[in-house]
There are 2 protein chains.
Amino acid sequence: MTNIHDIARLAGVSVSTVSRVLNNYKYVARDKRESVLKVIEEMKYTPNKNAIDLIRGETRTIGVILPYNNNPAFDQILNGILNKAIENDFSITVLPSNYSKEKEVEYLQKLKSKLYDGIIITSRANDWETIISYSDYGSIVSCEYTQHKEIGCSYMDRYSSYLDAFQLFKNKGHYTVAFTTARLESNSTRQMIDAYNEIFGELQPEYHISGCHCLEDGYEAAGQFLHLLERPTAIYANGDEVAGGMYLYAKSQQLKIPTDLAIIGQENQPIGIGMGISTVDHQLTKIGEQACSLVIKKSREKVKIPYRIVERDSV
Amino acid sequence: MTNIHDIARLAGVSVSTVSRVLNNYKYVARDKRESVLKVIEEMKYTPNKNAIDLIRGETRTIGVILPYNNNPAFDQILNGILNKAIENDFSITVLPSNYSKEKEVEYLQKLKSKLYDGIIITSRANDWETIISYSDYGSIVSCEYTQHKEIGCSYMDRYSSYLDAFQLFKNKGHYTVAFTTARLESNSTRQMIDAYNEIFGELQPEYHISGCHCLEDGYEAAGQFLHLLERPTAIYANGDEVAGGMYLYAKSQQLKIPTDLAIIGQENQPIGIGMGISTVDHQLTKIGEQACSLVIKKSREKVKIPYRIVERDSV
DNA sequence: CTAATTTATGAAATGCATTTCAAGTCAAGG
DNA sequence: CCTTGACTTGAAATGCATTTCATAAATTAG
């Protein structure tokens, strides 16, 4: 590989001058600039980006911690992040965590090791104390609200959105309501349960199934719910694909939607449009865009993104 | 920031010894190793990854050129890539190109500048000559077949899959058939047209609409097709979401599926399961996994991934 | 026609960790 | 007792580009 010294030697100038040409510095004599450019062209020279990153101490790269890499919700966030990143000439490295604490820490270490200028945490396994201990080494932004001032947030008010959805069910005359969530121990599950309790009173455990991610999970969950003695007349699904699975199961049992069973999905995905499923749209793309902007600005603001309910034919 | 010299000074050893401890080199006296580790712990030292990448000349990072970052097909490929990457402790940087030649070259330059050990091209805008001129600087793998020996390929036989799909229509008695594609100038569009001509004879231009990506595009395309004087009785959609849109339009016109209109989608996405749409599954996740493996192995093999047709209720 | 700028350029320091080279100690084998 | 091989360690070279400092020439301002 040819390096800046080779170019300097061949062009008969010092490395400083080559560097100046490379970085479009003003004060370089026209003839020297031209001969440097000529040599660069001839040798097909490209500066080593690792050396530049090392000396500059920044990489214009952001790491994005994603628990799952085939999940439509996280794909939406990532999509938003990529939009803003490309706009600002930043690169995005995807960091799949599968909610492993060790993996997450490994990624935060990479922030410390100067590989990324910042990190976006779309969802986390570690506690905030652990995460905050890395906030000196770069900008850390979360897609979940936290009051800790070291962390920027681009988030939505999950609790309110769940309240709204449940209230919608109630207004339509549903009192026996079930729901699904992804992880039992997650923050959103907790908020879901709180909202449920608020609207319908103490949750009976059989009306909640966790571990739902895809269409098949929804199909199965609906089966379980609809075999209960006192079966629910409405189900909130943590995703439109999960909702789609529920819809299919209901249809397979000759149930009419929304008369026999009402369903609300989440995140306004294409399948929900296709199947006519009402949904709570948390605007994850915007959440991602905002999160990326915060990292780029090195801001620790807390920005709330509004959600909206899209009513279709399943309620 | 503390660096390896600080650690060496504080531990009373040379930097070489610190480096040896860091890299688990065998021959370091127990007491020195311990005191180095103690200082590292105390100072919360983390080696600078840019310096390591610079000197090692490799980053264990792979760049993935994706034309669109919100497209379910490319998401599937990316998903496969991430699976393999994490298995092998590689990082993935997403490089959105939007089919811009300039962007693509910019990304290939980053390969040359040693930022990535290899690049996966899921779809390309540049000609092969341009791409090949970068193959000396790292491993380049394409998700599209090319005979050029400099490039590894993880691909599927699009042409055969289209032949099969069209033959399926024909077997079911469809002779007036339409289809959609994404980009007019793409390779897959060309193969699609060739396959169409092979099965149904010379394509009439009104039976082909390009520029289709999402459900809404499919809805609109179906509208156009179904307003033709001699309207098609079957449509091949370049994606299950597009197919879903067609399905919805047909339903809105009180058409029965598959009797009045048959539809085949592509890539076996959740919406296709939800709506019961038959599909050609090119197994993009596997394509991605294989592509990533090839880059990691620095192999230039050509690996063909088999496709399969999933029959549901839309044909 | 000086003094103050502006323009132009190179040497050397810097950022950080790895690796080679050389040299030294110590124990086991003959 | 000498040789050989296994340990152990540090100095210095290496990978590469940026930036500061110093210097000098050419302008411009006063």
Side-chain angles (χ1 to χ4, degrees), chain A residues 1-40 43-61 109-117 137-138, chain B residues 1-40 43-61 109-117 137-138:
Chain A
M1 281 308 281
T2 62
N3 63 28
I4 199 171
H5 285 96
D6 300 327
I7 303 298
R9 192 165 27 80
L10 292 168
V13 297
S14 70
V15 289
S16 334
T17 300
V18 178
S19 178
R20 287 185 188 108
V21 172
L22 250 18
N23 293 285
N24 267 316
Y25 183 73
K26 211 169 139 195
Y27 299 135
V28 178
R30 177 188 291 254
D31 59 328
K32 302 223 174 183
R33 163 165 276 134
E34 275 166 8
S35 73
V36 167
L37 286 173
K38 190 156 143 281
V39 175
I40 286 176
M43 303 298 293
K44 298 187 176 189
Y45 166 72
T46 302
N48 184 310
K49 191 65 166 42
N50 289 131
I52 296 175
D53 289 348
L54 170 61
I55 200 157
R56 285 222 222 276
E58 59 165 53
T59 58
R60 293 188 82 80
T61 298
Q109 283 285 347
K110 286 190 173 183
L111 177 69
K112 195 175 169 192
S113 76
K114 308 241 98 195
L115 218 39
Y116 314 128
D117 292 350
Y137 309 118
Chain B
M1 280 308 283
T2 63
N3 63 28
I4 199 172
H5 285 96
D6 301 327
I7 304 298
R9 192 166 28 77
L10 292 167
V13 299
S14 71
V15 289
S16 333
T17 300
V18 177
S19 177
R20 289 186 187 106
V21 172
L22 250 19
N23 293 285
N24 267 316
Y25 184 73
K26 209 168 138 196
Y27 299 136
V28 177
R30 176 187 290 257
D31 59 329
K32 303 225 173 179
R33 165 165 274 133
E34 274 166 9
S35 73
V36 167
L37 286 174
K38 187 154 144 281
V39 174
I40 286 176
M43 302 299 292
K44 296 187 176 188
Y45 167 71
T46 302
N48 183 311
K49 191 65 167 40
N50 291 130
I52 297 175
D53 288 348
L54 171 61
I55 200 157
R56 285 221 224 274
E58 59 166 53
T59 57
R60 291 189 83 79
T61 299
Q109 283 284 347
K110 286 191 173 182
L111 176 69
K112 196 177 168 191
S113 76
K114 308 242 97 193
L115 218 38
Y116 314 129
D117 292 350
Y137 309 117

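Reminder, nothing fancy here: chain letters follow the sequence lines and each chain counts from 1.
Applying a 4.0 Å cut-off to non-hydrogen atoms, none of the residues of residues 28-35 of chain B approaches DNA chain C. Only S14(B), S16(B), T17(B), R20(B), listed by number, bring a heavy atom of residues 14-26 of chain B to less than 4.0 angstrom from any atom of DNA chain D. DNA chain D lies under 4.0 Å from at least one heavy atom of each of the following residues of residues 47-54 of chain A: P47(A), N48(A), A51(A), I52(A). If you check residues 5-13 of chain A against DNA chain D, you find no residue with a heavy atom closer than 4.0 Å.
H5(A) NE2 to T2(A) OG1: the interatomic distance, rounded to the nearest 0.5 Å, is 12.5 Å. The CG atom of L10(A) sits 10.5 Å away from the OG atom of S35(A) when rounded to the nearest 0.5 Å. The distance from the NZ atom of K114(B) to the CG atom of D117(B) is 8.0 Å, given to the nearest 0.5 Å.
Screening residues 43-58 of chain A for salt bridge (charged side-chain N to carboxylate O under 4.0 Å, His left out) gives K49(A)-D53(A) as the qualifying pairs, with residues at least two apart or on separate chains. Note on residues 8-31 of chain A: pairs passing salt bridge (charged side-chain N to carboxylate O under 4.0 Å, His left out), not counting sequence neighbours, are D6(A)-R9(A).
Scanning for side chain to side chain contact (heavy atoms under 4.5 Å, CB included) contacts around T61(B) gives T59(B), S91(B), T93(B), Y116(B), with sequence neighbours left out. Legend: residues meeting salt bridge (Lys or Arg N to Asp or Glu O under 4.0 Å) with K38(B), ordered by chain and number and at least two apart, are E42(B). Residues passing the side chain to side chain contact (heavy atoms under 4.5 Å, CB included) test with K32(B), sequence neighbours excluded: V13(B), V28(B), A29(B). I4(B) pairs by the side chain to side chain contact (heavy atoms under 4.5 Å, CB included) definition with V15(B), V18(B), S19(B), L22(B), Y45(B), not counting sequence neighbours. With sequence neighbours excluded, the residues satisfying side chain to side chain contact (heavy atoms under 4.5 Å, CB included) with S14(B) are S16(B), T17(B). The side chain to side chain donor-acceptor pair (under 3.5 Å) search around Q109(B) returns T46(A), Y134(B), not counting sequence neighbours.
Residue I55(A) contributes atom CD1, which lies 8 Å from atom P of dG15(C) at whole-angstrom precision. Distance, I40(B) CD1 to dA17(C) C1': 12 Å, rounded to whole Å. Separating the CG atom of L115(B) from the P atom of dA17(D) is a distance of 13 Å, rounded to the nearest angstrom. Atom C1' of nucleotide dA11(C) and atom CD1 of I4(A) are separated by 14 Å, given to the nearest angstrom.
Between dT19(D), dA17(C), dC16(D), one nucleotide has an atom nearer to the side chain of N3(A) than all others, and that is dC16(D).
Not one N or O on the side chain of N23(B) forms a donor-acceptor pair closer than 3.5 Å with the backbone of Y25(B).
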message: side-chain contact (heavy atoms from CB on, under 4.5 Å), that's the test. Do N3(B) and N48(B) meet it? Break it down for me.
response: CA-CA 8 Å; N3(B) 63 28; N48(B) 183 311; over 6 Å; no

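Between dA17(C) and Y45(B), a contact under 4.0 Å exists linking OP1 or OP2 to a side-chain N or O.
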